[in-house]
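Accompanying notes for the structure given below.
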Amino acid sequence: LSVTEMQSEAGAAGALHGALKAGAFSTTFTASQGLLLMIPNMYKIAGELLPCVMHVAARALAGQALSIFGDHSDVMACRSTGWAQLASESVE
């Protein structure tokens, strides 16, 4: 087991893609603007049919200031990436 902390979500998505290409079982956790930074790599991962799980806490995208409110605007921006999306009613 190896846990790697990256500097940004864009770097985390790149490291995730590289680990998947190397044959490792990999996952990542993100929310809001971080998910939007991962979109380019999401297209690559889906296009190469690599098995991956990404845990997303659906949150509102911040406009002027940081937003902590629940929303689906971040995950709706990822609908066209080719990933299957499963949602739950609660975090339990």
Side-chain angles (χ1 to χ4, degrees):
L1 175 67
S2 174
V3 177
T4 305
E5 184 178 351
M6 302 301 294
Q7 190 173 15
S8 73
E9 277 83 355
L16 175 69
H17 181 238
L20 293 170
K21 287 292 285 186
F25 292 112
S26 301
T27 187
T28 188
F29 298 80
T30 189
S32 197
Q33 275 83 358
L35 181 61
L36 298 183
L37 289 171
M38 292 184 171
I39 288 177
N41 281 303
M42 290 176 71
Y43 278 108
K44 293 176 71 173
I45 292 169
E48 296 170 1
L49 301 176
L50 298 172
C52 179
V53 174
M54 186 179 297
H55 305 270
V56 178
R59 286 194 4 214
L61 297 174
Q64 296 284 336
L66 181 64
S67 177
I68 60 168
F69 298 107
D71 191 355
H72 290 97
S73 55
D74 54 354
V75 293
M76 291 298 131
C78 297
R79 288 183 298 177
S80 64
T81 60
W83 284 58
Q85 295 184 2
L86 302 175
S88 65
E89 183 178 344
S90 72
V91 297
E92 296 180 1

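A donor-acceptor pair under 3.5 Å is absent between the side-chain atoms of W83 and the main chain of C78, judged by distance alone. A side-chain donor-acceptor contact under 3.5 Å links D74 to the backbone of R59.
Rounding to the nearest 0.5 Å gives a distance of 10.0 Å between CG of L35 and OG of S73. Atom NZ in K21 sits 8.5 Å away from atom NZ in K44 (nearest 0.5 Å).
Hydrophobic cluster membership is shared by Y43 and L36, with clusters built from Ile, Leu, Val, Met, Phe, Trp and Tyr side chains linked at under 4.5 angstrom. Side-chain heavy atoms closer than 4.5 Å link hydrophobic residues (I, L, V, M, F, W, Y) into clusters, and following such links, even through other members, never connects M42 to F29. Hydrophobic cluster membership is shared by V75 and M38, with clusters built from Ile, Leu, Val, Met, Phe, Trp and Tyr side chains linked at under 4.5 angstrom.
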Please tabulate, for side-chain N and O atoms in residues 47-58, each donor-acceptor pair with protein atoms closer than 3.5 Å (sequence neighbours left out).
residue: E48; atom: OE1; partner: H17; partner atom: NE2; Å: 2.8
residue: H55; atom: NE2; partner: T27; partner atom: OG1; Å: 3.2

Discussion item. Between I39 and T81, does the side chain to side chain contact (heavy atoms under 4.5 Å, CB included) criterion hold? Intermediate values first, please.
Written reply: CA-CA 7 Å; I39 288 177; T81 60; 4.1 Å; yes
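At least one side-chain heavy atom of L16 sits less than 4.5 Å from a side-chain heavy atom of I45.
With sequence neighbours left out, S8 forms a side-chain hydrogen bond (donor to acceptor under 3.5 Å, both in side chains) with no residue at all.
Among pairs with a residue in residues 25-34, none fulfils salt bridge (Lys or Arg N to Asp or Glu O under 4.0 Å), at least two apart in sequence or across chains.
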